[in-house]
Number of protein chains: 2
Amino acid sequence: MAVSKKKVTLSDVAAVAGVSLSTASKALNGGGRISAVTRQRIEETALRLDFRPNGLAQSLALGRSRTVAVLSDRAESTFARPVIIGAATYLGQHEQAVLLYDARLRRRDDMAESIRSLNARRIDGVLVVGEGLHHRTRSVSAEFSVPVTYAFTLSDEPDDVMFVPDNHAIGRMAGEHLLALGRRRIAHVAAEADDLAAQLRLEGLREALSGAGVTLVHEVLHGSWTEAWGRTAAQRMLAERWDIDAVFGGNDHIARGVENVFAAAGVRVPQDVALVGVDNWEGLIIDQSARHLTTIDVGLIGMGEAAAAHLLGGEQAPGLHYQPPTLIVGETTG
Amino acid sequence: MAVSKKKVTLSDVAAVAGVSLSTASKALNGGGRISAVTRQRIEETALRLDFRPNGLAQSLALGRSRTVAVLSDRAESTFARPVIIGAATYLGQHEQAVLLYDARLRRRDDMAESIRSLNARRIDGVLVVGEGLHHRTRSVSAEFSVPVTYAFTLSDEPDDVMFVPDNHAIGRMAGEHLLALGRRRIAHVAAEADDLAAQLRLEGLREALSGAGVTLVHEVLHGSWTEAWGRTAAQRMLAERWDIDAVFGGNDHIARGVENVFAAAGVRVPQDVALVGVDNWEGLIIDQSARHLTTIDVGLIGMGEAAAAHLLGGEQAPGLHYQPPTLIVGETTG
DNA sequence: ATGCCACGCGAAAGCGTTTTCTCACGCCGC
DNA sequence: GCGGCGTGAGAAAACGCTTTCGCGTGGCAT
């Protein structure tokens, strides 16, 4: 590389091309009125000098920082992570940096300070990442003059832009998959009865089943999202000798708990009972064919991407945007 | 808010305080020679006017963008995610944005273009995030004039700054934990024999055991990192009637596979056989007390934080930095 | 009284773009 | 031959800050 270390600026290009600074700028930005021949000469010069405009100078002049703020409650939580990664990946592809403000939403005065700080940085947009639909996030949209989008949480302002999982579709997808396998005696082990996600998944499941004229066998077992609860529920099913050929676990933890107890009791999965979970807890790292538990991926990564895309997209479509889930077939419904 | 919408600039502050622009700047930055009384007057004025310096202007003047580039192979992979999140969290706390360039390391010309792009943005540092120690990453340190740090991968340039898991300590920790529980007949189900991480974990384990005058019962079972291999290994242990009271699974997948087969065979965990895995696959979302599998957290989040901290820290300490693991006790060694 | 130095402050030159406004010029129609 | 107009290009302001340098003032030593 015989390239000189000094950065080449637009002035350099202009000087070499024998034009003024402003002309060079206009030529390279496509704007302004420039004769075709001049423009081409400038473009060639820029190319030859290996000119790259200084991004900071552009930012200052344009008032845009090419940076998006991500506000999260707890970035390191298992569910927030993929959303943030998805968003950051998309944003990076579009030359947008991410400024992650974690846990600053909580205290009111911290928040005020953060907002001032972000505005001082001339942030281009704000992405609020939550931890599910348990409770609504206080809307911060009014605090910014740039677009604000909410992912994996509900804002308390209905006209905010929100991206959330489609729990209804998840339930429906589980039901349809089990039906397609010929299963008709389906049980559901769910989380707390007052959990919104659990309710929606149940609704979706019921809808799928009723579409085929099938109803859930026995009542829905409500507990928690844990593996321990899955085991407890499975023990009860065994003790009461439920006549079932499939179980939809509210999430993968529950499904694993069920499976373990079933396995210990000699119930064969999937031959005797097919099993579906939710969350894609095993992730996608291992060879897809080797995956064990059939599960439904909520689409958190895609949700982060979609939210980020929407943020950059210009047009802000208010209200709820549902992220379609994905079925990932494993051995438990082989 | 009766605050005028117009942004207040440093000139405004200077004018109101009755000083020049440069004096105001020096007063607020702590630098320069300013009388205490003048400085205080300016600071009060700034406070009263709610002045925040325009970050972009500062960046341009200082040549620092307060942005760090993160270069990854596959940001969405399960292992890269926590590293990136950890780094981003730490960086966000220090007002540094993250520009995530995913999968751009692969193709040589893409990479060249990315490097030019980052340099044009006046990036403050580069963090290369890999996917483990399987193969070395081509060093890009020479391409940047800013510090470059590697996390969760090895650079092919030994003097680069690298942050990696301490697989040796992981093995040792597993061994010590099992020994502390009084277990002496310990088996190890590992991944491929030529896998570096697997080798180091085995070494660490052996070291811990030999410290107590204990040796591994039977040979080490080498296979893969999968749950299926855990099951296969467990079946073999059962078939050959191994006399063991503990199993160290090379990772959580393996451990889960072992556990499932044991459970189905009536082997009680942890009464008959204690079980330890690696990776903290269950995450940390659920109530810690409720966690099932005893595991060793490799510390990927902490590694991301440490790498980011080192990057911002100024002093670059070349060579390998090992991330200490964490033992997370669950029911399988209760 | 004169020279020096330290101190406090301001003028001005960057940092590298974008963008508005103005100007020179040649061509056209009248 | 003259006013008008469209066209291409440059001058200069703006973006908002940091930093170097120089200048005036007062106190101190000579």
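Here is how names work: the chains are called A, B, and so on, in the same order as the sequence lines, proteins then strands, and each is numbered from 1. The figures here come from the full heavy-atom set of this structure, side chains too, leaving out hydrogens, waters and symmetry mates.
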N or O in side chain of B:S20 less than 4.0 angstrom from C:dG10 OP1/OP2: yes
Measure all distances between protein nitrogen or oxygen atoms and nitrogen or oxygen atoms of nucleotides 15-18 of chain D, and list the pairs falling under 3.5 Å.
| from | atom 1 | to | atom 2 | distance (Å) |
| --- | --- | --- | --- | --- |
| D:dC17 | OP1 | B:N54 | N | 3.2 |
| D:dC17 | OP2 | B:L10 | N | 2.5 |
| D:dT18 | OP1 | B:N29 | OD1 | 3.4 |
| D:dT18 | OP1 | B:N29 | ND2 | 3.0 |
| D:dT18 | OP1 | B:Q58 | OE1 | 3.2 |
| D:dT18 | OP2 | B:S25 | OG | 2.7 |
| D:dT18 | OP2 | B:N29 | ND2 | 3.3 |

Quick one: do the [X] and [Y] side chains pair a donor with an acceptor below 3.5 Å?
{"X": "A:T38", "Y": "A:S35", "result": "yes"}
{"X": "B:E157", "Y": "B:Y150", "result": "no"}
{"X": "A:S65", "Y": "A:S59", "result": "no"}
{"X": "A:D160", "Y": "A:S155", "result": "yes"}

Atom of B:L127, atom of B:A87 and distance for their closest heavy-atom approach: CD2-CB, 3.5 Å
Residues B:R81 and A:E76 bridged, charged N to O under 4.0 Å: no
Electrostatic pair B:E113:B:R116 at N-O distance under 4.0 angstrom: yes
Distance, rounded to the nearest Å, where B:L56 contributes CG and D:dA14 contributes C1': 14 Å
Atom pair distance, as rounded to whole Å: CZ in B:R33 and P in C:dG10: 14 Å
Five-pair end axes of the helix from C:dA1-D:dT30 to C:dC30-D:dG1 and the angle they enclose, rounded to 10°: 60°
For A:I42, the option from A:V19, A:L47, A:V37 that meets side-chain contact (heavy atoms from CB on, under 4.5 Å): A:V19
With sequence neighbours excluded, residues passing side-chain hydrogen bond (donor to acceptor under 3.5 Å, both in side chains) with B:S114: none
Parallel, tilted or perpendicular: rings of A:F163 and A:H310 (30°, 60°): perpendicular
Please produce a list of atom pairs where a protein N or O lies less than 3.5 Å from an N or O of nucleotides 24-27 of chain C.
none

Residues from residues 35-45 of chain A lying under 4.0 Å of DNA chain D - heavy atoms: A:S35, A:T38
With sequence neighbours excluded, residues passing side-chain contact (heavy atoms from CB on, under 4.5 Å) with B:P325: B:D166, B:A169, B:I170, B:M173, B:I296
